[in-house]
Each structure stands twice: as C-alpha cells, then as structure tokens.
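Take a look at the structure below.
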Amino acid sequence: PSEEKMIEAPLVLSDEDLAFLRLTLEVFPVPESPLRFLDEEDREPIEPAETFESLVRRGLFHPSGTGATEVMRRRIEAVSECRARVSLSIRGDDSGLEDFREYFVSDAVAVEYSHTDEGHEFGPPHSEDELAHRLSSLFRTAPEGSNRELRLSAGDYLVFAVFARDVRGLEEDFSSEPMSVDEVLSYFEEPESRFVRSPNNDSWTRSVANLARLRVLVVRDHGYELHPTLHPLARELTADRHSAVHRLDFLDDQWLMREVNLYPTTDTVYRLGSSADGSVVIQELSVSGLETVLSRIVSTLPNLLESE
C-alpha cells in the first residue's frame, strides 16, 4: 500500500509484534501506558526472525534493521510514552454506552488506541486541533451562528430541572397539562438536607418569573411549561443520557483532569457546565462552538513554570 494510505489506515499489531519492538528498543512504555504489560510481563518475541520479516513486508520496519518506519513509530511513541489520555463516552438509549474511544497524547500528538480480539489497534496520529475537530464531527450540531446560551443561578436551574422532569415521558404532542407554580413548589416540601435549602414561595416565584423572561418557560392556560424547543434537552437531562470528553494529564506529582459534559439530541448538542460565579451554563453548540469547547479540553496546557 502507498505510504499515504498506510498513514491514514488503522495499524493492528499483535502481542508478538510488540514484544519484538520491545526487544529492539522501540517501545518504552510509561506506567500510565496501556502497553505497560510488556515490561510487567517481560515480554519477548517467540519467533523474532519471522516477526521481523512480517513487519518489513507490511512496511512497518526498515529492511536494514535500523528500526520502525515513521508510519509506525509516531503511533507507538504516542501510546507507549503518553503524557495524557483523552476519552470520549457517548451514551445511547437508556444510558447505555453507545461509543467509547481513547486517545493517548505525547508531545501534542494524539493516537487512538484499543485492544480487540484482532490485536492492538493504533489509529493515525493527529494534532490536538485535529483531535478536537474529529471528536466534534461525531455530534450533530446547531447551524453556525445559533450558539444559544443560558446562564442560570442555582435557584433558577432547580426550577428548570423540575420542569424538565415534567416533560419526561410525555407524548410528542405534549398534550398533558403543564405544571403550575404550586406544583413546582410541592417537589420541595421534604425536610432540608445538609446541602440544599428548601426554597420558599417568594424565591421560587422569582425564579419562575426570571425563566419566563428568558423564554425558558412559557405561559399556558393552566400555568407554565418548558419552552417546546427545550423539550429534547429536558428528556436527555432527566434520563441522564450525557456524553463526556475527558482529558487526564499524567503530571509528576499528581494527575489533572479536565472534562465537558454534552447532551446530544436528534437535532443538536448542548453543553452543561458551570461558570466561575457559580451560575449554571446551558449552551447549544454549532460545530465551530463545539470545536472551541473541545479544544479547551483536549489541548496541552502551557507550562507556566518554564521561562520564556
């Protein structure tokens, strides 16, 4: 195959292939690498001559024996000498896992890795910007220019969450009667917990009025209901069908995690998070908006300890 096709195609290696690469000093797995079993089990190739010939035929090893070709070297190094791991979890119906992917990052190069019955599969190397683009392409997004964003106080979000729960299970025509303010408040008649203060009527009436002003709630004959455009999001929230992108950096003293929670619907995708002032952010994302959000998660942080 041409070198261009080899660069883009997934690379599948067996335990024997990896043991040979370890023997020839091509693999130096760090403790966080999924290839660490090579050192832990002191793996050595069973048939080194045959394995060498196989790797040469596949264009993965130089016939002169000088080492792995660029096609393989960059993938192996990113996974074996990884400094971070990026994972994507997409939830399906009933919160079942629909898709899960892991990428290992070293020197700003990300490589997807998985271990299957076929062997150890290494995807093509990507820059971190390319990884953000690749992950964002897996979601259906809003049209460009329509990045709707809501910033709600903690109290306003609790009211929103109750109305969202009311939507769950209704038929698509939403013919059931919406919740009144009194019905909203009835959810909070339980004794106060250590963490959440039971709301009073005045504060919750103000929150309902604020959500109505933001067009999150709309007035109907029987009271308030969630705006119809937010019903798909409400169903995903109450069913807890969230998807997530995580980045875990393997720092010397401690690990650092960054993440973003996403709620895909049939037509778009929402980000649910918080801001520095404690407000809850609900943002509908276009493809460029999603790429920006994911870039902040998957990109390597600058080393503030290094001098310019």
Side-chain angles (χ1 to χ4, degrees), residues 6-45 55 60-61 67-90 97 99-116 118-138 243-260 291 293-306:
M6 291 180 65
I7 291 174
E8 292 301 322
L11 170 65
V12 180
L13 298 175
S14 65
D15 285 357
E16 173 75 3
D17 294 332
L18 291 173
F20 177 84
L21 293 171
R22 175 177 178 269
L23 181 68
T24 57
L25 304 181
E26 293 286 351
V27 178
F28 304 91
V30 297
E32 296 82 13
S33 170
L35 305 181
R36 63 186 178 274
F37 73 94
L38 294 170
D39 282 348
E40 291 173 351
E41 301 174 12
D42 197 20
R43 288 291 185 99
E44 294 185 2
L55 291 172
L60 303 176
F61 212 83
T69 59
E70 186 72 8
V71 169
M72 182 166 65
R73 185 186 60 80
R74 294 182 67 199
R75 304 185 195 206
I76 297 295
E77 286 182 354
V79 177
S80 64
E81 302 173 30
C82 58
R83 298 298 301 163
R85 182 180 74 231
V86 174
S87 62
L88 165 71
S89 301
I90 297 180
L97 192 60
D99 194 3
F100 178 77
R101 306 184 184 200
E102 280 189 317
Y103 297 81
F104 291 85
V105 185
S106 178
D107 295 330
V109 174
V111 170
E112 184 177 4
Y113 168 84
S114 63
H115 188 198
T116 67
E118 301 297 322
H120 303 266
E121 184 170 313
F122 300 79
H126 298 289
S127 68
E128 291 172 338
D129 286 341
E130 290 170 341
L131 178 58
H133 175 75
R134 188 177 186 86
L135 295 179
S136 65
S137 68
L138 300 175
S243 301
V245 175
H246 300 86
R247 172 165 173 144
L248 189 61
D249 284 271
F250 310 127
L251 305 182
D252 293 335
D253 296 327
Q254 57 186 350
W255 291 359
L256 172 67
M257 176 179 281
R258 286 172 282 163
E259 64 178 334
V260 60
E291 279 193 39
V293 167
L294 293 183
S295 289
R296 292 199 292 264
I297 300 298
V298 306
S299 296
T300 301
L301 293 173
N303 189 344
L304 301 181
L305 299 180
E306 288 184 356

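Numbers here simply count residues along the sequence, with the first being 1. Computed from a predicted model, the values in this text were never measured in an experiment.
Looking at every heavy atom in both residues, Phe104 comes nearest to Ala78 through CB-O, 3.8 Å. Nearest approach of Ser87 to Glu102, heavy atoms of both residues: CB-CG, 4.2 Å. Here the closest heavy-atom approach between residue Ala84 and residue Phe250 is recorded as N-CD1, 3.5 Å. In terms of heavy atoms, Ala68 sits closest to Glu26 at N-OE2, 3.2 Å. The shortest non-hydrogen separation linking Arg74 to Val109 is NH2-CG2, 3.9 Å.
Look at Arg83 and Asp107 and you find no salt bridge, because none of the NZ, NE, NH1 or NH2 atoms lies under 4.0 Å from a carboxylate O.
Residue Glu41 places its CD atom among more than 12 non-hydrogen atoms of other residues, nucleotides or ligands, all under 6.0 Å distant. In Glu118, the CD atom is not crowded: 12 or fewer heavy atoms of neighbouring residues, nucleotides or ligands sit closer than 6.0 Å.
Taking CD1 of Ile90 as the start and CG of Asp99 as the end, the distance is 5.0 Å to the nearest 0.5 Å. Interatomic distance, CE of Met72 versus CG of Leu55, reported as 5.5 Å (0.5 Å rounding). Distance OH/Tyr113 to CZ/Arg85: 12.5 Å, rounded to 0.5 Å. Glu291 CD to Arg296 CZ: the interatomic distance, rounded to the nearest 0.5 Å, is 12.5 Å. Distance CZ/Arg43 to CZ/Arg22: 10.0 Å, rounded to 0.5 Å. For the atom pair CG (Leu38) and CG (Leu23), the distance works out to 11.5 Å, reported to the nearest 0.5 Å.
For Phe28, there are no ring-ring contact (aromatic ring centres under 6.0 Å, His included) partners, not counting sequence neighbours. With sequence neighbours excluded, the residues satisfying ring-ring contact (aromatic ring centres under 6.0 Å, His included) with Phe61 are Phe20, Phe52.
A centroid separation of less than 6.0 Å is found between the aromatic rings of Phe37 and His120.
A side chain to side chain contact (heavy atoms under 4.5 Å, CB included) with Val27 holds for exactly one of Asp39, Val79, Ile76; it is Ile76. With Ser14 as the partner, the side chain to side chain contact (heavy atoms under 4.5 Å, CB included) test is satisfied by one option alone out of Asp17, Val12, Leu18: Asp17.
In this structure, the side chains of His133 and Ser295 stay at 4.5 Å or more apart for every pair of heavy atoms. Within the 4.5 Å cutoff, side-chain heavy atoms of Tyr103 are placed close to those of Leu135. Proximity of Val111 to Glu77: side-chain heavy atoms (C-beta onward) are nowhere separated by under 4.5 Å. Two residues are said to be in side-chain contact when any heavy atoms from C-beta on lie closer than 4.5 Å; Val86 and Val105 meet this criterion. Ser33 has its side chain out of reach of Glu81: every pair of non-hydrogen atoms, C-beta onward, lies at least 4.5 Å apart.
Side chain of Arg247 to main chain of Val298: a donor-acceptor pair is present (N/O by atom type, distance under 3.5 Å, no hydrogens or angles).
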Leu138 and Arg101: CA distance, side-chain angles, deciding distance, side chain to side chain contact (heavy atoms under 4.5 Å, CB included) verdict: CA-CA 11 Å; Leu138 300 175; Arg101 306 184 184 200; 3.9 Å; yes

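Between the side chains of Thr300 and Glu128, at least one donor N or O lies within less than 3.5 Å of an accepting N or O.
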